[in-house]
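Keep in mind that the numbers below use all heavy atoms, side chains included, and drop hydrogens, waters and symmetry copies. Just so you know, these numbers come straight off a predicted model, no measurement behind them.
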Protein chains: 2
Amino acid sequence: MAYEARRDVFQAIADPTRREIIGLVVKEPQNLNALAGNFNMSRPAISQHVKILTECGLIIIKQKGRERYCEAKLDALNEVSAWIEQYKQFWEQKLDALETYLEKIQQQPKTKKNAGRK
Amino acid sequence: MAYEARRDVFQAIADPTRREIIGLVVKEPQNLNALAGNFNMSRPAISQHVKILTECGLIIIKQKGRERYCEAKLDALNEVSAWIEQYKQFWEQKLDALETYLEKIQQQPKTKKNAGRK
DNA sequence: AGTATGTGTAAGTATTTGCTTACGCAAATT
DNA sequence: AATTTGCGTAAGCAAATACTTACACATACT
């Protein structure tokens, strides 16, 4: 990452790792090391993702001593939500299988991607 | 663009040009030249964006003679919508809590902050 | 038939992205 | 005081991304 000018929410959630970070932090705020423990990549990599997420306001950091706790603050998702909502009627007119689809989504089990890391 | 393996919807809508293409095509299906006329970039650039959008199913092409009409088919946005919906309560809860708090300390009846939300 | 139009695609390029390792520094622990 | 822990950030790199121009090739028009 260049870690510069990007604080666009659409861009932020385009990366699967960042979406997963959001999912983890929503469930439980945690510090950066704990967060990184869930992934198959280095701690700095996660740190950089978190930086992007904070820059666009999806995560806030609460410093506690030397630890930095990441909490979700998803208001910025409103921008995406609003963009989608404006088209929702358009596509729902044409789609009768929406509920089926949503059920399918919800039933997807969580995969354990990164078992043994430290 | 590399125009290869990417057909991820989150990635597709991360680009502002592609979001604009979707907006235009929803309003009115149009061929590629007409579409490109709306942008400050070359026709091939738009063609490549459209390719990505078709690959992830957000646009379908209807060939008419030598022209190719682009139509929106936004069902794939469900994936994004579903992802967002699962967090909606999370962030709206916090908004509601804030409003409750504000109303309490201000002793004011009925603010309209919530208008337009679901 | 010859030309114009609508379009896909290849090749080239600059920039951005997503990662790594290396290092530095402050807060906690010993 | 010395070490460990938690973390940010720089530098480097491969790959992806977003463009461009050049070209090929139908379909339509004359």
Q | Shortest non-hydrogen contact between B/A14 and A/D8, atoms and distance | A | O-OD2, 4.4 Å
Q: For C/dT9, take OP1 and OP2 only and decide whether either is under 4.0 Å from a side-chain N or O of B/K51.
A: yes
Q.
Closest approach to the side chain of B/M41, judged atom by atom: which nucleotide of D/dC7, C/dC19, D/dT20 is it?
A. D/dT20
Q. CD of B/Q30 versus P of C/dG6: gap in Å, rounded?
A. 13 Å
Q.
In whole Å, I'd like the distance from the CD atom of A/Q11 to the P atom of D/dA16.
A. 15 Å
(Q) For residues B/V26 and B/I60: do they belong to one hydrophobic cluster (side chain heavy atoms under 4.5 Å, members Ile, Leu, Val, Met, Phe, Trp, Tyr)? (A) no
Q: Please report the C-alpha distance between B/R43 and B/N33 in whole Å, then the side-chain angles of each, then the deciding distance to 0.1 Å, and finally whether the side chain to side chain contact (heavy atoms under 4.5 Å, CB included) criterion is met.
A: CA-CA 7 Å; B/R43 196 230 353 123; B/N33 263 342; 3.5 Å; yes
Q. Which heavy-atom pair separates B/A12 from B/R18 by the least distance, and what is that distance?
A. O-NE, 2.7 Å
Q. Which nucleotide in the list C/dT21, C/dC19, D/dC7 gets nearest to the side chain of A/H49?
A. C/dC19
Q. Once you round it to whole Å, what is the distance between C1' of C/dT21 and CD1 of A/I46?
A. 16 Å
Q) Is the distance from OP1 or OP2 of D/dC7 to the nearest side-chain N or O of A/Q63 less than 4.0 Å? A) no
Q. Considering all heavy atoms of both residues, which atom of B/H49 and which atom of B/I21 are nearest to each other, and what is their separation?
A. CB-CD1, 3.6 Å
Q.
Quick check on C/dT7: is either OP1 or OP2 less than 4.0 Å from any side-chain nitrogen or oxygen of B/N31?
A. yes
Q | 5'-most by nearest nucleotide on DNA chain C - A/E67 or B/E67 | A | B/E67
Q) Which listed nucleotide (D/dT21, C/dT7, D/dG6) is nearest to the side chain of B/R43? A) C/dT7
Q. Among D/dT9, C/dT9, D/dG6, which nucleotide sits nearest the side chain of A/N33?
A. D/dG6
Q) Between atom CG in B/D8 and atom P in D/dT17, what is the gap in whole Å? A) 10 Å
Q.
Counting only side-chain heavy atoms from C-beta out, which of C/dT17, C/dT9, D/dT9 sits nearest to A/S47?
A. D/dT9
Q | For atom CD1 of B/I61 and atom P of C/dG6, their distance in whole Å | A | 16 Å
Q: Would you mind telling me which of D/dT20, C/dT21, D/dG6 lies closest to the side-chain atoms of A/S42?
A: C/dT21
Q: Return the minimal non-hydrogen interatomic distance between B/V50 and B/C70, and the atom names on each side.
A: CG1-SG, 4.1 Å
**Q.** Over-ring placement of B/K64 relative to B/Y69, 6.0 Å and 45° cut-offs
**A.** yes
Q | A/P44, nearest nucleotide to its side chain (from D/dT17, D/dT20, C/dA22) | A | C/dA22
Q: Please report, rounded to the nearest Å, how far the P atom of D/dT17 is from the CD1 atom of B/I52.
A: 7 Å
Q: For the residue pair B/W91 and B/I84, establish whether any side-chain heavy-atom pair is separated by less than 4.5 Å.
A: yes
Q | For atom OH of A/Y69 and atom C1' of D/dG6, their distance in whole Å | A | 11 Å
(Q) What is the distance, to the nearest angstrom, from the CD atom on B/Q48 to the P atom on C/dG12? (A) 15 Å
Which atom pairs link the protein and nucleotides 28-30 of chain C when you take only N or O atoms and keep those under 3.5 Å?
unit_1, atom_1, unit_2, atom_2, d
C/dA28, O4', A/R66, NH1, 3.4

